[in-house]
K.L.:
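First the structure, then my questions, so here it is.
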Amino acid sequence: MQKKWNKAQLLVGVLVWSLAAGSVAAEDRDPMLIYDANGLKIRGHLQFGLNAVSESNLFWDLAATTAPGSGFDPDTEWLEGYIKPGVSFEYQLDTGAVLYGKLSAVSSYTWGTDAFDTGDNGATTLEEAYLAIRGSSGPALSYDLSLGARELTLGTGMLIANGATSGFERGALKFGPRKAWEMAAIGRLSYGNLTGTAFYLDPNELPSTDGGNELAGFDLRFDDPNGGYFGATYVDVLSSNSSYPQAAAGGVGAPTVTPGAREGTRTLGLYGKTNPFEGGLENWTFTGEVAYQWNDRIDLEAWAGRVTAGYAFTRMPWSPSLTLGYQTFSGDNPGTTKLERFDPLYYQGSPSAWATGSKSASTFINSNVNALTLALRVQPTKRDTITLRYAHIRANELSSPVQFGQATRVDVNGNVVSGVDDEHLADDLFLEYSRIINRNTFLTAGLSVSFPGTGIDKVIGGKADPWTGGFINVVFNF
């Protein structure tokens with residue numbers, strides 16, 4: 001009890017301090033600017049945060065059925081934090097080009113036991129360490145070349161976004177403060193509104209589960225000045241030790257696991273967003289994404305896609321907006337010898353991006369799942385945002401891996417069956433509140449609940465209880 005109380009005292013102290021900081025008028029001068037003269041600008045960076053999390057009936061207490069001897073506690077609370085200091089520079093060359101770069105590190109820690117039964121641990125790792133040059137040739141042509149550890153998100157974050165892994169031995173599972181690729185060679189060439197990006201990426205993986213992944217490819221994107229865009233991304237996995245699971249024939253028996261199967265997997269994705277319309281459709285926004293994936297070496301052919309339609313009620317108080325979406329990721333059909341399981345690669349897994357549900361996103365990766373989503377967002381003030389999200393989540397293929405290591409059951413004949421035998425996995429509700437305290441301080445709190453579907457009920461062998469939880473965090477960014 002004293003340990004939990006000390007955590008609460010620490011978080012409340014930080015929140016009070018941040019609120020007090022918000023009442024102080026910010027100076028016009030950038031306090032992080034170290035040097036600015038003779039064409040050279042050097043700036044310091046500092047980001048840190050604390051997050052208090054509480055979870056009850058984690059993963060619908062699947063462990064009690066699938067791993068009864070594990071001792072896994074489905075009810076837990078923990079506190080996590082991180083700090084990310086850094087320094088960047090820009091230097092104006094005589095040619096007009098700009099030489100720039102950044103160096104930063106992340107130190108993170110988890111106090112208590114988190115959702116994956118790890119905790120009281122953390123790590124300090126290099127985050128960004130790159131050199132780059134950008135410039136232009138003529139009025140419409142520009143370039144940007146960089147080498148080293150840095151962040152890169154392509155398109156909408158469906159395939160390439162999160163280049164690093166947090167949690168487990170590194171701590172800060174929920175925050176996920178690491179984003180940069182361990183090594184990235186990036187070349188951009190822009191002509192008017194058209195931008196081409198070529199890349200080589202080596203993700204910053206956990207030492208305990210490093211798959212030796214290396215990726216390369218390109219992205220071509222057109223941005224309309226009115227707000228719309230259209231683009232294509234191609235990704236080739238050059239090297240990997242990561243495994244793929246494949247459903248047993250007929251779905252009866254344990255899945256086959258092929259080491260190094262990811263190597264040679266290629267993905268082509270198309271994405272787009274409408275321009276603002278005029279007249280009666282001016283408040284509507286539509287987006288679409290589709291991806292095709294193949295690997296001839298292991299006979300892989302998979303696909304994924306999403307469509308959304310959003311409407312902004314611009315004349316109503318609090319400026320509400322409503323977004324309806326549907327996303328789907330193919331699963332392996334146990335009735336074929338081909339592998340149809342979609343590999344989601346390094347997607348942006350936040351609820352506002354490519355997460356499948358809120359809580360369910362911790363259980364089901366973007367493979368063999370589909371979700372119908374609805375989000376309502378309101379802004380009582382310019383600093384306050386409230387968002388309510390709902391997701392109805394189902395499996396695409398029965399008796400097929402939903403996520404490797406999750407949702408495995410034993411049938412009455414003692415045969416291991418991979419996946420679920422009913423499509424309905426869960427229904428998630430997530431209420432989130434965000435507050436901009438000042439230009440450097442941000443507060444976020446959330447409550448969520450996941451109601452298990454029939455597929456989960458059958459794994460447990462009865463009516464499963466909901467999985468509930470909440471969090472409150474504060475982030476400072478200078």
Side-chain angles (χ1 to χ4, degrees), residues 53-78 113-118 167 173-174 245-248 250-257 328-329 331-334 341 351 355-373 389-430 447-470:
V53 186
S54 177
E55 299 282 354
S56 297
N57 203 45
L58 275 161
F59 309 112
W60 314 282
D61 202 14
L62 277 172
T65 300
T66 60
S70 66
F72 180 79
D73 188 351
D75 303 319
T76 187
E77 298 173 358
W78 73 92
T113 304
D114 66 21
F116 288 98
D117 207 26
T118 61
L173 172 71
K174 288 285 189 179
Q246 185 170 7
V252 179
T256 300
V257 179
T328 181
F329 310 89
D332 183 43
N333 183 349
R341 174 187 179 273
T356 297
S358 51
K359 290 199 170 304
S360 292
S362 300
T363 308
F364 311 123
I365 62 173
N366 289 352
S367 180
N368 193 23
V369 292
N370 65 76
L372 181 66
T373 62
R389 303 182 189 278
Y390 166 74
H392 175 75
I393 304 154
R394 305 179 73 85
N396 276 327
E397 296 286 348
L398 299 179
S399 302
S400 179
V402 177
Q403 177 176 347
F404 185 52
Q406 296 285 354
T408 298
R409 67 178 178 85
V410 178
D411 71 12
V412 294
N413 297 318
N415 296 316
V416 178
V417 180
S418 175
V420 294
D421 59 8
D422 187 277
E423 295 93 340
H424 186 194
L425 295 174
D427 292 276
D428 286 11
L429 281 173
F430 178 35
L447 295 172
S448 56
V449 58
S450 179
F451 300 95
T454 305
I456 299 300
D457 289 341
K458 288 188 175 183
V459 172
I460 291 177
K463 184 60 180 175
D465 293 327
W467 167 14
T468 61

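Computed from heavy atoms alone, side chains included, the values below leave out hydrogens, waters and symmetry copies.
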K.L.:
Restricting to non-hydrogen atoms, name the atom on Ala361 and the atom on Ala355 that form the minimum distance, rounded to 0.1 Å.
P.N.:
CB-CB, 3.8 Å
K.L.:
Residues two or more places apart in sequence or in another chain: which of them pass side-chain hydrogen bond (donor to acceptor under 3.5 Å, both in side chains) with Asp428?
P.N.:
Ser360, Ser450
K.L.:
What pairs of residues pass the salt bridge (charged side-chain N to carboxylate O under 4.0 Å, His left out) test when at least one of them lies in residues 53-75, not counting sequence neighbours?
P.N.:
Glu55-Lys174, Glu55-Lys359
K.L.:
Mind checking what makes side-chain contact (heavy atoms from CB on, under 4.5 Å) contact with Ser54, not counting sequence neighbours?
P.N.:
Glu77
K.L.:
My understanding is that only residues two or more places apart in sequence, or in another chain, count here; which of them pass salt bridge (charged side-chain N to carboxylate O under 4.0 Å, His left out) with Asp457?
P.N.:
Lys463
K.L.:
What's the shortest heavy-atom distance between Val420 and Ala395, and which atoms?
P.N.:
CG2-CB, 4.1 Å
K.L.:
Distance check, rounded to the nearest 0.5 Å: Phe451 atom CZ versus Asp465 atom CG?
P.N.:
11.0 Å
K.L.:
Please work out which of the three classes, parallel, tilted or perpendicular, describes the rings of Trp467 and Phe59, given edges at 30° and 60°.
P.N.:
tilted
K.L.:
Looking at every non-hydrogen atom in both residues, tell me the closest pair between Pro334 and Ala247 and how far apart they are.
P.N.:
CB-CB, 3.9 Å
K.L.:
Please enumerate all residues that pass side-chain contact (heavy atoms from CB on, under 4.5 Å) together with Thr356, with sequence neighbours excluded.
P.N.:
Gln327, Phe329, Asn366, Val369, Ala371, Ile393
K.L.:
Heavy-atom distance under 4.5 Å between the side chains of Val459 and Leu62, does that happen here?
P.N.:
yes
K.L.:
List the atom of Thr373, the atom of Ala391, and the distance in Å for their closest heavy-atom pair.
P.N.:
CG2-CB, 4.1 Å
K.L.:
Under the rule for side-chain contact (heavy atoms from CB on, under 4.5 Å), what residues qualify as partners of Asp117, not counting sequence neighbours?
P.N.:
Phe72, Thr113
K.L.:
Using side-chain hydrogen bond (donor to acceptor under 3.5 Å, both in side chains) as the criterion, list what pairs up with Ser56, not counting sequence neighbours.
P.N.:
none
K.L.:
Checking Asn370 now: which residues fulfil side-chain contact (heavy atoms from CB on, under 4.5 Å) with it, not counting sequence neighbours?
P.N.:
Tyr326, Thr328, Arg394, Asn396
K.L.:
Between Val402 and Gly419, what is the shortest heavy-atom contact and its length?
P.N.:
CG2-CA, 4.2 Å
K.L.:
Hey, what do you get for CG (Asn368) to CG (Asn333), rounding to the nearest 0.5 Å?
P.N.:
10.0 Å
K.L.:
Taking side-chain hydrogen bond (donor to acceptor under 3.5 Å, both in side chains) as the test, write out the residues that go with Asn57, two or more places apart.
P.N.:
none
K.L.:
Tell me if a side-chain donor or acceptor on Ser400 pairs with a main-chain N or O of Asp332 at a distance below 3.5 Å.
P.N.:
yes
K.L.:
Rounded to the nearest 0.5 Å, how far apart are CG of Asp422 and CD1 of Ile456?
P.N.:
10.0 Å
K.L.:
With sequence neighbours excluded, what pairs up with Glu397 under the salt bridge (charged side-chain N to carboxylate O under 4.0 Å, His left out) test?
P.N.:
none
